[in-house]
Amino acid sequence: MKYTLIVVLLLIGHALSAAVPMTIYTENNAPEAPALKDLPLQDTVTQYGITWYFKQPVRVGTFVNGDFYVVGPCTVEKLDPKPQTGSQVRHGSMLNPAPRQEVAFDSGVRNWYRKSGLAQLPISMKPGDVLISSISLKEGENAQFQYHSSGKRGVHDNCPTKVAAVLCCVAKPLPADAFRPAYGDKTQSIYLARHLKRHLLPKIKRVGSIPDPVHFSNVFQKPWLNFGFFGFDQPMENMPHYGQWVGQSVGNAALMLCLDFTPQQKERLLVNFIQVGIDYWGLVKNGHPGWQGWGGHGSGRKLPIVFAGHLLGDAKMAAPTKVFPQVEFGEDNQTRYGDCWTGAKVVFAGHSGVSSKTGEAPRSKWGPYEHKHPKEWKNASDQKNMQSEAYRRANTSCAWVAQALALRFLLLEDNWNHEPFFDYVDRWMFEDDEEHRRQINMYFPDPNLVNPSKTWCHQGHPGDRWVGPLWKTYRTAPGMPETNGWQIGERKIERIKPQEKAQKKKRARKSSKKKAKQSTKIYTQWDEELIKQVIAAQASGKQLHFQCSLLKGETKVAGATAKTIKVQTKQMALPLPWKRLSLGDKASLAEALAKELSDEELNHALAGVYLKGTGDVVKASKYLAKASSYRLKIQQTFD
């Protein structure tokens, strides 16, 4: 009876959790891990209609997103709903699923079903194990999901799995702010919400009617289980089913988190969205091939990874394609630089796009086509050019608008590591396609193309309506990159030949005195009010004092401050007073400073401002681009 009461209370608590404000865990209120005896001792755990029954009572805890863990080892001896494990598999479970395109939840799963992955009762779990259990849809039962998803078993591309939940086995109790380890991560890496760099989230003023982020957090509440493709493997009530809605939902979430909602309004969405990123990263870093572009499928898996890595301070996670360049993501596959028949210099690369792994179109009939005029397009068995165009207009481009804008707000273009994506989205939003639609209609008649009211298939469609006003207001705002990249195309990096380096250094020395005179003006223009604002936003005003003193040439003051905050100055090499340092040494020192101290955002801003004054605009732009919320303030002060 005692165990039953505990379970009932936990269920009631989880039912009410969406209405109860979440605790925002930081270093200042970081929770300690509970003692083992303080965790409830239970013989069952229930989540999303799935109940695990244990052979012996176990200690049960919860992760920050509400998922459960048990302190092991333990044995699951029964499941409800009861699994069918004969020739017809229903309500299946998987123990420690491999990061491959395989699932064993239901034998009705197309393409990816492998019975070899099915866990049979009793299921023994040890610390480090992950058990995923599911409920299958009944014949005729209609699944429900709050964002663009519903469907019945066996209809179209629907998944026969209704819902799934993840149960982790750990060695000891975890603090209340621990994220659930990724279900595809062999190492069971544990991230903590206290380490979220929430200060990296801008507070962009809302424009128009924006959805409630607390309500939208439910889109990401259940685990986004996504081993396979086409949605065949995705439990229908866990996540959006179709790639377009996956792409739009993650863009919407990232965009909401960049707006001026209160921290409390954002926290549940932030935690749930970060968990999705952790899960996808767990698959990628353990060898999953990715989610390729294929019509509307394949979008939306990259952004949660980049976003989570950025907020958690995990540099590898924040730039997944720099670490794993061959992993496929739809947004990368389907956008490429090249000459387009419309005059643009960036193209939609086709229904199946170009593989990141091979650099080739995996299915040539659905590969690049926009280099040809519509009169040369084909839509036969060997060439599906117009089919690619239809997916470009209806199911892909609009799903990327919120993603691109959020990445711009967060200054994560470099982490994204695929510049054509941003230029293509700008093309989609800025290129006037009225005449282009008319020409396409001449060869492939479609009344939607020439009907002004059918904006869902016209360029400029932002996906969800509320995204449009934000794009219009902020994409061309001061501090944003130029919007004409789609008209310019790939920007080539200047490569200097070895014999030219000496000549360039000689020219630089001749102009150094002139540049030095210009640079001395910068820090005499310090805006004291700006310093006060920045200090107020800093965890340590002494660090800022050190930086300002150093960059203004007050080396004695800087040295004294350095000692009080234990800054290591050996790597910075300060043998001479600031005024006697060469221009190059000053620039190097500014760069070293940006790498040395803990607040990267402000360091980059200060280094960028100094480098801009020395005339090194290229490096200055690089640092200022990383300066986030300080960028506009400091640029406005010194421009």
Side-chain angles (χ1 to χ4, degrees), residues 45-54 67-68 70 72 74-126 128-139 141 143 151-169 180-186 188 222-239 241 279-280 282-284 286-291 297 301:
V45 169
T46 299
Q47 190 176 36
Y48 308 135
I50 298 164
T51 301
W52 296 281
Y53 293 82
F54 302 102
D67 287 350
F68 289 99
V70 294
C74 67
T75 299
V76 177
E77 64 175 359
K78 191 171 72 169
L79 277 158
D80 185 27
K82 183 180 179 180
Q84 299 178 30
T85 58
S87 59
Q88 187 182 75
V89 172
R90 300 288 186 270
H91 315 308
S93 293
M94 298 181 71
L95 181 66
N96 301 326
R100 297 192 293 265
Q101 293 181 314
E102 300 175 1
V103 293
F105 302 124
D106 190 298
S107 55
V109 171
R110 294 171 58 186
N111 287 38
W112 319 121
Y113 174 71
R114 302 290 186 277
K115 190 174 182 179
S116 58
L118 185 66
Q120 301 278 4
L121 293 169
I123 302 169
S124 296
M125 298 181 70
K126 63 184 183 303
D129 286 348
V130 174
L131 179 64
I132 307 177
S133 299
S134 69
I135 299 176
S136 295
L137 280 167
K138 301 173 184 177
E139 293 292 341
E141 182 182 9
K152 297 182 179 180
R153 181 186 187 92
V155 178
H156 304 301
D157 291 341
N158 293 339
C159 177
T161 306
K162 178 181 180 180
V163 69
V166 178
L167 180 68
C168 293
C169 184
R180 174 176 50 73
Y183 53 77
D185 183 8
K186 302 171 185 176
Q188 207 177 59
K222 298 183 179 73
W224 277 32
L225 291 161
N226 195 188
F227 295 94
F229 200 66
F230 296 120
F232 296 160
D233 64 307
Q234 300 165 202
M236 296 293 289
E237 294 187 355
N238 278 55
M239 62 179 291
H241 178 249
D279 283 334
Y280 275 125
L283 291 172
V284 167
N286 284 283
H288 193 279
W291 299 265
H297 292 288
R301 279 71 176 187

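Just so you know, these numbers come straight off a predicted model, no measurement behind them.
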- Would you mind reporting whether Val284 and Trp291 have side-chain heavy atoms less than 4.5 Å apart? yes
- Message: Once you measure the plane-to-plane angle for Phe230 and His297, does it fall in the parallel (<30°), tilted (30-60°) or perpendicular (>60°) bin?
- Response: perpendicular
- Query: Tyr183 side chain to Gly282 main-chain N or O, any donor-acceptor pair under 3.5 Å?
  - Reply: no
- Query: How far apart are the C-alpha atoms of Val166 and Tyr48, what are their side-chain angles, what is the distance that settles it, and do they pass the side-chain contact (heavy atoms from CB on, under 4.5 Å) test?
  - Reply: CA-CA 10 Å; Val166 178; Tyr48 308 135; over 6 Å; no
- Query: Out of curiosity, Leu121 CG to Tyr53 OH, how far, rounded to the nearest 0.5 Å?
  - Reply: 12.0 Å
- Query: With sequence neighbours excluded, what pairs up with Asp157 under the salt bridge (Lys or Arg N to Asp or Glu O under 4.0 Å) test?
  - Reply: Arg110
- Identify the heavy atoms of Ala164 and Pro235 that sit nearest to each other, and give their distance. CB-CG, 3.9 Å
- Minimal heavy-atom distance between Asn238 and Lys162, with the atoms involved, is OD1-O, 4.2 Å
- Query: If you look at every heavy atom in Pro289 and Pro99, which pair is closest and at what distance?
  - Reply: CD-O, 4.5 Å
- Query: Are side-chain heavy atoms of Cys168 and Pro181 found at a separation under 4.5 Å?
  - Reply: yes
- Do any N or O atoms from the side chain of Arg153 and from the backbone of Lys138 form a donor-acceptor pair under 3.5 angstrom? no
- Query: Would you say Leu95 and Met125 make side-chain contact, with heavy atoms under 4.5 Å?
  - Reply: yes
- Query: Any idea which heavy atoms bring Gln47 and Ala165 closest together, and the distance?
  - Reply: OE1-CB, 3.9 Å
- Message: Please give me the minimum heavy-atom distance between Trp112 and Asp233, naming the atom from each residue.
- Response: CD1-CB, 4.1 Å
- Task: Taking the side chain as every heavy atom from C-beta outward, state whether Leu167 and Ser133 have any atom pair closer than 4.5 Å.
- Result: no
- Query: How far does CG of Leu225 sit from CZ of Phe105, to the nearest 0.5 angstrom?
  - Reply: 5.5 Å
- Note on the structure: Of all heavy-atom pairs linking Pro223 and Arg180, the shortest is CB-NH2, 3.9 Å
- Query: Are Trp224 and Asp279 side-chain neighbours, meaning at least one heavy-atom pair lies under 4.5 Å?
  - Reply: no
- Under the side-chain contact (heavy atoms from CB on, under 4.5 Å) rule, what do His288 and Gln101 come out as? Steps first, then yes or no, please. CA-CA 8 Å; His288 193 279; Gln101 293 181 314; 3.9 Å; yes
- Note on the structure: Here the gap from Ser93 atom OG to Ile50 atom CD1, rounded to the nearest 0.5 Å, amounts to 7.5 Å
Listing, residues 75-89 side-chain donor-acceptor contacts under 3.5 Å, not counting sequence neighbours, or none:
none

- Message: Distance check, rounded to the nearest 0.5 Å: Tyr280 atom OH versus Asn226 atom CG?
- Response: 3.5 Å
- Message: So, using side chain to side chain donor-acceptor pair (under 3.5 Å) as the criterion, who are the partners of Arg90 when residues are at least two apart?
- Response: Asp106, Ser107
- Query: Roughly how far, to the nearest 0.5 Å, is the CD atom of Glu237 from the OG1 atom of Thr161?
  - Reply: 11.5 Å
- Between CG of Leu131 and OG of Ser124, what distance do you get to the nearest 0.5 Å? 11.0 Å
- Trace of the side-chain contact (heavy atoms from CB on, under 4.5 Å) decision for Phe54 with Val70: CA-CA 10 Å; Phe54 302 102; Val70 294; 3.8 Å; yes
- Message: Could you go through Phe227 and Ile132, starting from their C-alpha distance and side-chain angles, then the distance that decides it, and tell me whether this counts as side-chain contact (heavy atoms from CB on, under 4.5 Å)?
- Response: CA-CA 12 Å; Phe227 295 94; Ile132 307 177; 4.3 Å; yes
